[in-house]
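Have a look at the structure below before the remarks.
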Amino acid sequence: MFKNKFNRKKTNENDFVGTVSHELKTPLTSLNCILQVAELKLKNHPDTFLADSMGKAINQVNKMQKMITGFLNLSKFESGKVCLEKTEFCMNELITSIIEESLLAASRRIFLHQRNDIVVFADRDKIESVMVNLLTNALKYSPNGKEIHVNIERSASEVVVNITDQGFGIGEQDLRNVFERYYRVESIDTKHISGFGIGLYLSAKIVKLHSGKIWAESTLGEGSTFSFALPLHERSDNGILRF
Ligand code: ADP
């Protein structure tokens, strides 16, 4: 009885989140297009303020689009509408390109530690979103000037990726909850940092759909390491994937 009521409430809430984010997406996409055309037209305008303002407006719209995409993904996961589209790809290449993009956006020192190329059979886009989320968090929750280290390792049966920052860290009690939906740590260091507490929740869902593991270790005031592991496969002589 109680469970039914709870499930109904969750479904209603999920429908609401799905509808709102879907409705917000359309006008934002149009707004983005308009701003991009305006930015282009104002490129050689004598008043540089106008072109600068368009660039800044586009950045803000992009941020909003990312948030809305997060909520849309949340609603898809909650309603069980997500399936994996697995392909073979090189994990090192994917992570290298994500780091290169992050370096362009944030002037921080990010070090990649890897040995051999590791090929996985997974949903590339979804693993990309996990990696982007963990790296964005490492940047978001550590002060400027602090290093970030990304480590890719392979064991006999899995690939393990660690993202280590030297940031604010997470206390023991919060660490148990950070993968929960809407959970955010409340502290003086993080209260000015925006977010909705859905990134880690979605990342955990994606990794679990791949039969993988995700976890975090942290010391308050010293930094955190977020890690995920994905099972590896082998290709036999006749080309069949073996797990
Ligand atoms: P968001 O960052 O949007 O709040 P997430 O689900 O990605 O949502 O993270 C949940 C919470 O976990 C964050 O609000 C933050 O308090 C904490 N957190 C995540 N990553 C880190 C990190 N690398 N260092 C410190 N705290 C973190």
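Basis for what follows: all heavy atoms, side chains included, without hydrogens, waters or symmetry-related copies. By convention here, the first residue in the shown sequence is residue 1. Note that ligands are numbered from 1 as they come in the structure, with each ligand's atoms numbered from 1 the same way.
Which of Ile170, Val178, Ile198 comes nearest to atom 12 (O) of ligand 1 through a heavy atom is settled by distance: it is Val178. The heavy atom nearest to atom 8 (O) of ligand 1, out of those in Gly197, Gly195, Gly223, Ala204, is found in Gly197.
Those atoms of ligand 1 with a heavy atom of Phe196 less than 4.0 angstrom away are 3 (O), 4 (O). Every atom of ligand 1 is numbered from 1 in the order shown, and the set under 4.0 Å from a heavy atom of Asn133 is 7 (O). Every atom of ligand 1 with a heavy atom of Arg184 under 4.0 Å away is listed here by number and element: 1 (P), 4 (O), 14 (O). When each atom of ligand 1 is checked for a heavy atom of Tyr183 under 4.0 Å away, the hits are 10 (C), 11 (C).
The aromatic rings of Phe111 and His149 lie parallel to each other, their planes meeting at an angle below 30°, with 60° marking the opposite boundary. Relative ring orientation between Phe71 and Phe196 is described as perpendicular, the plane-to-plane angle rising above 60° on a 0-90° scale split at 30° and 60°.
Partner of Val150 under the side-chain contact (heavy atoms from CB on, under 4.5 Å) criterion, out of His113, Met131, Gln114: Met131 alone.
Under a 4.0 angstrom heavy-atom cut-off, Phe226 registers as being in contact with ligand 1. Contact between Gly167 and ligand 1 is absent, with no heavy atom of the residue lying under 4.0 Å from the ligand. By the 4.0 Å heavy-atom criterion, Lys140 is counted among the residues contacting ligand 1.
Close N/O approach between Leu200 and ligand 1 is found [any backbone or side-chain N/O within under 3.5 Å]. Among the atoms of Thr190, none of the N or O lies under 3.5 angstrom from an N or O of ligand 1.
Annotation: atom 23 (N) of ligand 1 to nearest protein heavy atom, Asp165 OD2, 2.9 Å. Of all protein heavy atoms, the one closest to atom 7 (O) of ligand 1 is Asn137 ND2, 2.8 Å. When only non-hydrogen protein atoms are considered, atom 13 (C) of ligand 1 lies nearest to Tyr141 OH, 3.3 Å.
Using modelled atom types, one side-chain atom of His210 and one backbone atom of Ile206 make a donor-acceptor pair closer than 3.5 Å.
Rounded to the nearest 0.5 Å, atoms CE (Met54) and CD (Glu39) are 8.5 Å apart. Atom-to-atom distance recorded for Ser187:OG and Tyr141:OH is 9.5 Å, nearest 0.5 angstrom.
Side-chain contact between Ile163 and Thr225 is absent, with no heavy-atom pair separated by less than 4.5 Å. Using a 4.5 Å cut-off on side-chain heavy atoms (C-beta onward), Arg154 and Arg115 make no contact.
Val159 and Phe89 fall within the same hydrophobic cluster, where Ile, Leu, Val, Met, Phe, Trp and Tyr residues are linked whenever their side-chain heavy atoms come under 4.5 Å apart, directly or through other members.
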